[in-house]
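The next block holds one structure in the form of structure tokens; read it before the comments.
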Amino acid sequence: MIFKSKANKALDKMEDPRETLDYSYQRQLELLQKVRRGVADVATSRKRVELQINQLQQQSSKLEDQGRKALSVGREDLAREALSRRSGLQGQIADLQVQHNNLQGEEEKLTLASQRLQTKVDSFRHKKETIKATYTAAEAQTRINEAFSGISEEMGDVGLAIQRAEDKTAQMQARAGAIDELLASGALDDFSGQRGDDIQAELDRMGGGRDVELELARMKAELGQGPAPQDAIEAGRPGQQQAPHPQQAPQQAPQQAPQQSPQTQQYPRPGEGL
């Protein structure tokens with residue numbers, strides 16, 4: 001019982017209903033072909049009996065004619081022999097007629113059975129195709145649902161691969177962020193020379209902004225749109241005497257010449273006095 005149950009379970013797992021239906025339909029077609037062959041055989045036997053009956057009837061008619069002729073010439077003994085043989089032929093004809101009737105009835109039964117079986121086979125064929133189409137659609141729907149839910153064997157491997165790729169990507173992103181933070185804090189040295197710590201980056205930004213402001217003020221002074229910036233006056237070239245402030249000029253040198261106008265005063269460019 002255990003062996004049969006396990007074998008039944010294995011067969012049920014391996015069985016494809018579509019193949020089973022096709023096999024059953026093929027067997028029904030073979031059975032229908034056998035019935036039709038049986039009808040043809042019965043019809044052939046009936047036809048053969050009919051031929052024998054016709055031959056015996058011809059012989060019976062011939063013996064009757066021979067007996068009549070023998071009786072007409074006075075040969076009663078020959079006439080009696082001819083009638084005796086004719087009587088034997090009549091018995092054979094009667095037996096063959098019974099066989100003919102039986103074969104004809106059997107032929108009619110087989111013909112009716114063949115027609116009924118043909119109707120059943122046609123009905124089974126339509127039902128088979130409907131069941132196969134329904135099973136195929138249900139199987140496809142099941143595979144799609146299993147793929148979307150991730151419980152199928154094929155898509156399960158794909159899901160695991162995607163999960164591993166996402167984990168490795170997240171780990172790599174975390175490692176890259178940690179290295180950026182360590183480089184920014186100065187805990188790690190950047191040998192490429194393209195990075196510095198936060199303090200150096202802040203100083204670079206402040207220096208860049210100061211240069212821009214000085215350049216803007218110098219251009220305004222050259223165009224006469226504003227006074228000379230104090231930072232630009234104080235940031236002279238090394239070795240060059242700085243011009244005195246206008247408010248301090250009367251106290252330090254009363255006899256000094258007036259300060260040059262903003263249009264003719266030359267200012268150092270940003271960064272020259274640093």
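Side chains are part of it too, since the values below use all heavy atoms of this structure and drop only hydrogens, waters and symmetry mates.
For the pair A70 and A79, the tightest heavy-atom approach, listed with the atom from each and the gap, is CB-N, 3.7 Å. Taking all atoms of both residues into account, the shortest heavy-atom contact from R86 to L63 is N-CD1, 3.5 Å. Shortest non-hydrogen contact noted between D16 and Y135 is OD1-CE2, 3.6 Å. Considering all non-hydrogen atoms of both residues, L117 and L32 come closest at CD2-CA, 3.5 Å.
Rounding to the nearest 0.5 Å places CZ of R48 at 12.0 Å from CG of L96. In this structure, OG on S24 lies 8.5 Å from CZ on R27, to the nearest 0.5 angstrom. A distance of 9.0 Å separates CZ of R46 from CD of E108, quoted to the nearest 0.5 Å. To the nearest 0.5 angstrom, E64 atom CD is 12.0 Å from K69 atom NZ. Separating the CD atom in Q104 from the CD atom in E106 is a distance of 12.0 Å, to the nearest 0.5 Å. Atoms CD and CZ, on Q66 and R85 in that order, are 8.5 Å from each other to the nearest 0.5 Å.
Salt bridge annotation for D65-R68: present, with a cationic side-chain nitrogen under 4.0 angstrom from a carboxylate oxygen.
Scanning for side chain to side chain donor-acceptor pair (under 3.5 Å) contacts around Q141 gives N145, with sequence neighbours left out. Under the salt bridge (Lys or Arg N to Asp or Glu O under 4.0 Å) criterion, K47 pairs with E50, sequence neighbours left out. In terms of the salt bridge (Lys or Arg N to Asp or Glu O under 4.0 Å) criterion, K109 has no residue partners (sequence neighbours excluded). For the salt bridge (Lys or Arg N to Asp or Glu O under 4.0 Å) test, residues two or more places apart in sequence or in another chain that qualify with E139 are R18, R143. Taking the salt bridge (Lys or Arg N to Asp or Glu O under 4.0 Å) definition, one finds that R36 meets it with nothing, sequence neighbours left out.
Note on V121 and L31: same hydrophobic cluster, where clusters join Ile, Leu, Val, Met, Phe, Trp and Tyr whose side-chain heavy atoms are under 4.5 Å apart, directly or indirectly. Under a hydrophobic clustering in which Ile, Leu, Val, Met, Phe, Trp and Tyr are joined whenever their side-chain heavy atoms come within less than 4.5 Å, directly or via other members, L89 and I53 fall into the same cluster. No path of Ile, Leu, Val, Met, Phe, Trp and Tyr side chains, each step under 4.5 Å between heavy atoms, connects V98 with I93, placing them in separate hydrophobic clusters. Both I131 and L29 belong to a single network of hydrophobic side chains, linked directly or stepwise wherever heavy atoms of I, L, V, M, F, W or Y lie under 4.5 Å apart.
The shortest side-chain heavy-atom distance between Q173 and T169 falls under the 4.5 Å cut-off. Side-chain contact between T111 and E107: present, with at least one pair of heavy atoms (C-beta onward) separated by less than 4.5 Å. In this structure, the side chains of Q171 and R175 stay at 4.5 Å or more apart for every pair of heavy atoms.
With S60 contributing its side chain and L56 its backbone, the two residues share no donor-acceptor pair below 3.5 Å. Within the 3.5 Å criterion, the main-chain N or O of R80 finds no donor-acceptor partner in the side chain of S84. Looking only at distances, no side-chain donor or acceptor of S114 sits under 3.5 Å from a matching main-chain atom of L110. A donor-acceptor pair is defined here as one N or O able to donate and one able to accept, closer than 3.5 Å; such a pair exists between the side chain of T134 and the backbone of T130. No donor-acceptor pair under 3.5 Å is formed between the side chain of S123 and the backbone N or O of T119.
Annotation: E76, atom CD; neighbour count of heavy atoms from other residues, nucleotides and ligands within 6.0 Å does not exceed 12.
Judged by distance alone, the side chains of Q163 and D167 do bring a donor and an acceptor atom under 3.5 Å apart.
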Handout entry: Residues H100, Q97; criterion side-chain contact (heavy atoms from CB on, under 4.5 Å); working and verdict
Key = CA-CA 5 Å; H100 179 270; Q97 190 66 41; 4.1 Å; yes

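Listed by first then second residue, pairs satisfying salt bridge (charged side-chain N to carboxylate O under 4.0 Å, His left out) with a partner in residues 110-128 read D22-K128, not counting sequence neighbours.
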